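Comments concern the structure below.
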Amino acid sequence: MIIAIDGPAGAGKSTVARRVADELGVDYLDTGAMYRAATFGVLAREIDPADAHAVIKVCGQLELDVGVDRVVVDGVDATSAIRGPKVTSAVSSVAANPQVRSILVELQRAWVRNRGAGVVEGRDITTVVLPDADLKLFVTASPRVRAERRVAESGGDVDAVEASIAERDRRDETREASPLSISSEAVVIDTSEMSIDDVVADILLRVQG
Ligand code: CDP
């Protein structure tokens, strides 16, 4: 079974996707980590993330190894750095580049073809990458709750984090290439008042249903 999950920043998609994959005994792919890894590679080579031509050139050359617990870019362990502030503020600019997207989308589809099953999570999985997935979900929560979850996970000030994820949402929703949007075929799960366990249980019920 192939499960596609989309949703905005900090909605808890990664945690939920990973847990659902574990429960089902299938692999899990965090496509956001792929965009973050590409952004890390761009910054490591001192390329301006807004310089589309240079970014495309670099992305075609990067060696990305995005695993569940470890991300390696050109042989360098980038697991922590891809979650840091430098990558976080540059990633939506790199992800807005259509050619970067086509390189990464191809890798994502190949990942699914090689396995035949899995949970894939991101922004355009239900709409562009895997529109024929067996189960399509849009996992969201109110901006405040998303900011509070991020702060509980990695610290910071709730107001500042809320402003930063609102800005990333805005960029992800308004870009031309594969903007974040809700597929008419996706089931929307608002997790604002749900625990992770509740969300996982809800999804597993839908898998059985
Ligand atoms: O974990 P968080 O919700 O903060 O974001 P992420 O899933 O790590 O994704 C980071 C960024 O990558 C997003 O803000 C998008 O700009 C981009 N992204 C994308 O464009 N398409 C995807 N399928 C996944 C992520």
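Note that ligands are numbered from 1 as they come in the structure, with each ligand's atoms numbered from 1 the same way. Note that the structure is a prediction, hence the values are computed from the model and not measured.
The shortest N/O to N/O separation between D172 and ligand 1 falls below 3.5 Å.
If you number the atoms of ligand 1 from 1 as listed, the ones under 4.0 Å from a heavy atom of T31 come out as 22 (C), 23 (N), 24 (C). Heavy-atom contacts of V91 reach the following atoms of ligand 1: 11 (C), 12 (O) (cutoff under 4.0 Å). Annotation for ligand 1: atoms under 4.0 Å from non-hydrogen atoms of G122 are 23 (N), 24 (C). Set against the non-hydrogen atoms of A95, the atoms of ligand 1 under 4.0 Å away are 16 (O), 17 (C), 20 (O). Within the listing of ligand 1, atoms 3 (O) sit less than 4.0 angstrom from a heavy atom of G10. Residue-ligand proximity, A9 to ligand 1, at heavy-atom distances under 4.0 Å covers atoms 3 (O). Residue-ligand proximity, R101 to ligand 1, at heavy-atom distances under 4.0 Å covers atoms 19 (C), 20 (O), 21 (N), 22 (C). Atoms of ligand 1 lying under 4.0 Å from any heavy atom of D124, numbered from 1 in the order shown and given with element: 21 (N), 22 (C), 23 (N).
Remark: distances from the non-hydrogen atoms of R171 to ligand 1 are all 4.0 Å or more.
The existence of a salt bridge linking R123 and D6 is excluded, since no basic side-chain nitrogen approaches an acidic carboxylate oxygen closer than 4.0 Å. Using a 4.0 Å cut-off between a side-chain N of Lys or Arg and a carboxylate O of Asp or Glu, R18 and D69 qualify as a salt bridge. Salt bridge annotation for E106-R113: present, with a cationic side-chain nitrogen under 4.0 angstrom from a carboxylate oxygen. For the pair D30 and K13, the salt-bridge criterion is not met [side-chain N within less than 4.0 Å of a carboxylate O]. Ion pairing between a basic and an acidic side chain is recognised when a charged N comes within 4.0 Å of a carboxylate O; R149 and E153 show no such pairing.
Side chains of R144 and V158 form a contact here, defined as non-hydrogen atoms less than 4.5 Å apart.
Contacts of E173 with ligand 1, taken as heavy-atom pairs under 4.0 Å, are absent altogether. At a 4.0 Å heavy-atom cut-off, ligand 1 touches R168 through the side chain alone. Counting heavy atoms under 4.0 Å from ligand 1, residue R146 does not touch it at all. Looking at R150 against ligand 1, only its side chain comes within 4.0 Å, counting heavy atoms.
Between the side chains of T31 and E121, not a single donor N or O lies within less than 3.5 Å of an accepting N or O. Residues S195 and D197 bring no donor and acceptor atom of their side chains to less than 3.5 Å of each other. Side-chain N/O atoms of Q108 and R101 include no donor and acceptor closer than 3.5 Å.
Counting protein heavy atoms only, atom 8 (O) of ligand 1 is closest to R36 NE, 2.6 Å. Protein heavy atom closest to atom 7 (O) of ligand 1, with residue, atom name and distance, is R123 NH1, 3.2 Å. With hydrogens left out, the protein atom closest to atom 9 (O) of ligand 1 is G32 CA, 3.5 Å, a heavy atom.
Of the options D22, I203, L135, V26, a side chain to side chain contact (heavy atoms under 4.5 Å, CB included) to V119 is made by V26 and by none of the others.
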- Message: Pair W111, V66 - check side-chain contact (heavy atoms from CB on, under 4.5 Å), show working.
- Response: CA-CA 11 Å; W111 184 95; V66 177; over 6 Å; no
